[in-house]
Every structure is written in structure tokens, then in C-alpha cells.
Colleague: 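For reference, the structure I am asking about is given below.
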2 protein chains.
Amino acid sequence: MNGLSAEFQHAVNPQDTTLKFRKGEIIFSQGDPGDCWFEVVSGTVRTCHFHVDGHRQLTGFFYKGDVFGVEYGARDAAAEAVTNTTLTRRPALNDGPNSSWQNRALERALDSANQCIFLLGRRNANERVAAFLLIAAKRLSALDSIPLPMTRSDIADHLGLTIHTVSRTISGFVRQGFIELEGPQLCRIVDLEGLRAIAGEEIGVAIDNMGAMRSRRGYAGQGAGV
Amino acid sequence: MNGLSAEFQHAVNPQDTTLKFRKGEIIFSQGDPGDCWFEVVSGTVRTCHFHVDGHRQLTGFFYKGDVFGVEYGARDAAAEAVTNTTLTRRPALNDGPNSSWQNRALERALDSANQCIFLLGRRNANERVAAFLLIAAKRLSALDSIPLPMTRSDIADHLGLTIHTVSRTISGFVRQGFIELEGPQLCRIVDLEGLRAIAGEEIGVAIDNMGAMRSRRGYAGQGAGV
DNA sequence: CGCACTCTTGAGGGAGCTCAACATTTGTGG
DNA sequence: CCACAAATGTTGAGCTCCCTCAAGAGTGCG
């Protein structure tokens, strides 16, 4: 909101550049050549698949420290800024000894896709929303207070629901005493165990093992998005 | 059927081995070390994610010529034989100049996952089943007559539906004259355009571009599964 | 203040799940 | 080879969950 828009700010090293995007701006589009990848410095990013029938599928949200845009040869998903966002852009590592790094990034992207599949496969609205909240809490390492910078529409297109169902489900959780809202964009978890019970054992376990997973899988501050 | 079960048949070269699995046998399980990958010589394979709540999500079917098991560090999905199956097993390429090959395999796996997400995101039963049939036809290069070696339960767990809905939907397609069945495992497409219209423009286009995609993406006989 | 956008909430209907029964196929043991 | 059991597939009836349609409330911005 300060006139900065996809401008180069400064070059940290000859090939890495810092970029700023304003809320809603497109970072790259489906079909663009995938000649670089990004790390989120601040803000939130979403990746989107647009389908011919008009339906939009969000495949991931990316927060501070996450990397995205590694997994695509030619971009088969678009990336957009959910909020005002600062990114570091790095050239793609197509060859050389570092391609194993890219390999791991691809594996993380696949993990992310599998998580998305998990959210979409035969689960009802309560399970999807509860799992989404817990995953967001995990990703942001904020078990008490979860910022939700994306719109209800974004959440709906991520979970395969309508905004109405998302809104109603969240309201239901508030009524049942699982969470509290401070405005639509900030969610406080009141009954963590209750939410876990709704989302299913798996998500609860995943959260318990958060620390272990980071070390075991080499996450160390870089995630694959949600 | 003939007493062969996961036996080594012969070694084509020092590290590649041929394996046979009987219908329903487990090829590898979630959590196994991913130290090799497989190519389907004959038969059909499914990859499955098992969730704590008992729900099973099939992420792909693999037919003659497909490779699978490349995409997992430690296996995060199980692989099982849908029918009696012959496989070639190769050691994983964890390093060396060939890791770019593995890279492409990972990208294909990601494509496959995205296709799965596409099938699961906000589509009704007709769209899912029609898309599934068209994708199977494409994968098997058999636009007229589609073998369906997997059970209705497998299809249901792939599409996020119940076996009842899958069965009813297929019966509906027969009644409407889109397909014919010769037993539950063999499906003949009668009205291709009609099926495409149900599945959505996207799938139809994908099928039209089948040849182009193979060459453009270097598919040449190796697929990522469906 | 008025417009645009997002979020929330209600009422009604329809798609798909659950429960249930039956048909068909496959496998097994006598 | 047949009888029986088990697995798989099909179909119907009822009900539930979520989508659609609709209206209203809250918020930011010009």
C-alpha cells in the first residue's frame, strides 16, 4: 500500500533479488517458464490452479520462511500475494551438485500436495476446516493464536467448500467453544484437544511431532507450504 | 495363481531384478525406505495412503510401462498389486549425473498428485467418474475399450466417493448411452464427446493433446500414473 | 456519506452417504 | 463336480450435509 510493486529493492548477491508485491498481485502465472524460485521474507502467498470451468483450486499457502515455485518446470500453478509480501528470488538450480537440494524441495512440494489430497478426500466440512486451522497453527508455530490473512474465499477454494460453509463451520466452532475470533482474520484456539478430535487423530499427531519432523526431514525453517 | 510370489525371476543386469506379485500383495508399505523404484512390466498397481481414521486414499494407478516408487524418500504411500503383476526393480539414483532423471520423475509424480487434486476438488460424482474413465482411457491408449482391473472400492477411494455412488454413476452412464459394460471390469466408450462434456473441457483437451504431451514432456512410454 | 468488498446467517433443495437387500462372481472344501 | 461361503457389484429408500439463493451486517476507501 506504499507504492512498491514488484520493484527490485536491492541485490543481496549478484543473482538473488528482493521483490515486493502488493496484496492480490500475481507473482507468476500458469505457463510461465519456471526459471527461478522464491522464499517468503514477509507476508503470505497462495498457489492456484485455474480450471477451464472457472473453478479455482488453491494448492498451498506459504508463510515467512517457506519456499515456493521450485516444483514447477513450466509453471503449472499461479502464485499470488495474499497480503503485501516481500520475497527473495533466486535462479533455478537446474544442474550442478545442488540439484539434490532441488530434489528435496520437490519432495516437500509432493508432501504438500499429498496433504492437500488428504484434506480433499472424503472428509466433511468440520474435519476439513479443523484440519486447516491446525495445519495453519503448525505452519506458523502459533498454537494459541492463528492469523488467517487469506479470505474465506481462499480457504473455501483450498478445502473444496463454499465460503458459506467455511463461514458457518467456523461460527459453529466458536459457538461450540473450540475457538474464538478477534475479527475474521485472527483465530484463537480455546480447545485444542477438541479441534484435534474433529480433525482426526492424524493431524493431532502431526502437530505433536512438529519438532521431530523438522529435524528428521531437514525442515529447519523451510517449509513446503500448506 | 501359479505359486509365484515376489520371487526373483532373473537378473537382467547386476542391479535390475524382475519381481512378480499376486493380486492384492503389498509391494512396499508406508514408512519403508525408498531405496528402489519400479517399472510395471505387466499388470496394474495402486498407491495408497492409509489414514488413522480408517479412510484410504488411492493416489494413483500404474499400468504397463509406468514407473512408480520414485517420488518417495521414505515411502509415504504404500504400493499394492491390483492384479497379478510383473515389475522391474531398479536401485534408486540418489546421486550422480542421473539425479536429473529422478528430478523429472518427481515432477511427473507431482503432476499426478495435481491431477488427483483436480479430481477431488469441488466436482460432483458424474464429473469425477467421467474424468476417471477418460484418464484411464488416455493412460491405456485405449479410447474404445477400457479395462478396469481395479475394484469399485478402489475407484471410490481414488475419487473420494462411496462404491455405491461409483456403481450408480457408472450404471447411469450406461443407461444414458455414454458407455457399455462387458462385465464390471471392461468398459466400452460409446459416446466419447458426451463423456468429455460431462468431465469438463479440460479433460477432453488433455486427451486430444495426448500425443503432443508425450513428446513435449518427454513421456515416451513412461507415465506418472493416474 | 455512499460504494464496494468481505463476512455472516437463514431457508430450501438436491447430491451423495448410510442402511439394507439382493445378484453375481470367485474361491474352497467335500 | 457340486455345495457352500466369501467377496464384489448393483439397486432402492431415507436422511444428512452442503450447495444455492437470498438478505443483511461490518469494514475500508474515495
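The basis for the numbers below is simple: all heavy atoms, side chains too, and nothing from hydrogens, waters or symmetry mates. Each chain gets a letter, A, B and so on, in the order its sequence line appears, and its residues count up from 1.
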Colleague: Return the value, rounded to whole Å, for the distance between atom CD1 of B:I170 and atom P of D:dT10.
Modeller: 7 Å
Colleague: Using atom CZ of A:R123 as one end and atom P of D:dC18 as the other, report the distance to the nearest whole Å.
Modeller: 12 Å
Colleague: Charged N to carboxylate O below 4.0 Å: is that the case for A:D154 and A:R56?
Modeller: yes
Colleague: Let me know the distance between CG of A:D157 and P of D:dC19, rounded to the nearest Å.
Modeller: 11 Å
Colleague: Quick check on D:dC19: is either OP1 or OP2 less than 4.0 Å from any side-chain nitrogen or oxygen of A:T165?
Modeller: yes
Colleague: Base, sugar-phosphate or nothing for A:L161? Non-hydrogen atoms, less than 4.0 Å.
Modeller: sugar-phosphate
Colleague: Respond yes when some side-chain nitrogen or oxygen of B:T162 is under 4.0 Å from OP1 or OP2 of C:dG16, and no when none is.
Modeller: no
Colleague: Round to a whole Å and report the spacing from CD of B:E127 to C1' of C:dG16.
Modeller: 14 Å
Colleague: Atom CZ of A:R128 and atom P of D:dC17: how far apart are they, to the nearest Å?
Modeller: 14 Å
Colleague: Looking at B:F28, is B:R75 sitting on its ring face, NZ or CZ under 6.0 Å from the six-membered ring centre and within 45 degrees of the normal?
Modeller: yes
Colleague: Could you check B:T169 against A:R168 and say which one's nearest nucleotide on DNA chain C is further toward the 5' end?
Modeller: A:R168
Colleague: Mind checking what makes salt bridge (Lys or Arg N to Asp or Glu O under 4.0 Å) contact with A:E127, not counting sequence neighbours?
Modeller: none
Colleague: Would you call the rings of B:F68 and B:F62 parallel, tilted or perpendicular, taking 30° and 60° as the class edges?
Modeller: tilted
Colleague: Quick check on B:L186: does its CG atom have over 12 non-hydrogen neighbours (other residues, nucleotides or ligands) under 6.0 Å away?
Modeller: yes
Colleague: Rounding to 10°, can you tell me the angle the first-five-pair axis of the helix from C:dC1-D:dG30 to C:dG30-D:dC1 makes with its last-five-pair axis?
Modeller: 40°
Colleague: Find the distance A:I198:CD1 to D:dC17:P and express it as a whole number of Å.
Modeller: 13 Å
Colleague: Kindly assign one of parallel, tilted or perpendicular to the pair A:H158 and A:F132, based on the angle between their ring planes and the thresholds 30° and 60°.
Modeller: perpendicular
Colleague: May I ask you to evaluate whether B:R152 reaches the phosphate of D:dT10, defined as a side-chain N or O under 4.0 Å from OP1 or OP2?
Modeller: yes
Colleague: B:L159 has an atom CG; how far is it from atom C1' of C:dA15, in whole Å?
Modeller: 16 Å
Colleague: For the residue pair B:F173 and B:F178, does the interplanar ring angle fall in the parallel (under 30°), tilted (30 to 60°) or perpendicular (over 60°) class?
Modeller: perpendicular
Colleague: D:dT20 base to A:H164 side chain: any donor-acceptor pair below 3.5 Å?
Modeller: no
Colleague: What is the distance, rounded to the nearest whole Å, between atom NE2 of B:H55 and atom C1' of C:dC17?
Modeller: 15 Å
Colleague: Does B:S171 place a side-chain N or O at less than 4.0 Å from the phosphate oxygens OP1/OP2 of D:dT10?
Modeller: no
Colleague: Check if the side chain of B:R122 and the base of D:dT20 share a donor-acceptor pair of N or O atoms closer than 3.5 Å.
Modeller: no
Colleague: Base, sugar-phosphate alone, or nothing: which one does A:G172 contact when heavy atoms must sit under 4.0 Å apart?
Modeller: nothing
